[in-house]
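Below is one structure; the comments refer to it alone.
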Amino acid sequence: MQRGIIGAGSAIVIPVAPMRTRADSLGQRSAALRRLSDAWQPLSQTLGPDQKERMRLVAARIIGGVREAVETRRRKMIEDEDDDG
């Protein structure tokens, strides 16, 4: 991590590397989600109303699982930073 100096003896952390890593990770997730939505689109156009509702529920469950995985990873990254710093 890079550090900058402010005043006498005060240091601030400039988290450039973690920001870049996060941006790369979000870019990869974005591309994966786009591929998934592109794959689901033709299927969704052929579904009846009941099937579309079930698909909506499945998608909501998937998104909830992904959100939980992201939060777990974020907590681990914070813990790793605390251990290093």
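These numbers come from the heavy atoms of this one structure, side chains and all, not from hydrogens, waters or symmetry mates. Because the structure is predicted, anything quoted here is derived from the model rather than measured.
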- Item | Transitive ILVMFWY side-chain link Met19 to Ile78, under 4.5 Å | no

- Are Trp40 and Leu47 joined in one hydrophobic group, where the rule is that I, L, V, M, F, W and Y side chains link up if heavy atoms are under 4.5 Å apart? yes

- Arg56 meets the salt bridge (Lys or Arg N to Asp or Glu O under 4.0 Å) criterion, sequence neighbours left out, with Glu53

- Message: Arg75: which residues meet the salt bridge (Lys or Arg N to Asp or Glu O under 4.0 Å) condition with it, sequence neighbours left out?
- Response: Glu71

- Would one find more than 12 heavy atoms of other residues, nucleotides or ligands at under 6.0 Å from atom CZ of Arg29? yes

- Item | N-O pairing of Asp80 and Lys76 below 4.0 Å | yes

Roughly how far apart are [X] [atom1] and [Y] [atom2], rounded to 0.5 Å?
{"X": "Gln51", "Y": "Ser44", "atom1": "CD", "atom2": "OG", "value": "11.0 Å"}
{"X": "Leu33", "Y": "Ile62", "atom1": "CG", "atom2": "CD1", "value": "10.5 Å"}
{"X": "Leu36", "Y": "Gln41", "atom1": "CG", "atom2": "CD", "value": "12.0 Å"}

- Do the side chain of Ser30 and the main chain of Leu26 share a donor and acceptor less than 3.5 angstrom apart? no

- Query: Would you say the side-chain atoms of Thr72 pair up with the backbone N or O of Glu68, donor to acceptor, closer than 3.5 Å?
  - Reply: yes

- Item | Any Asp38 side-chain heavy atom under 4.5 Å of Arg34 side chain | yes

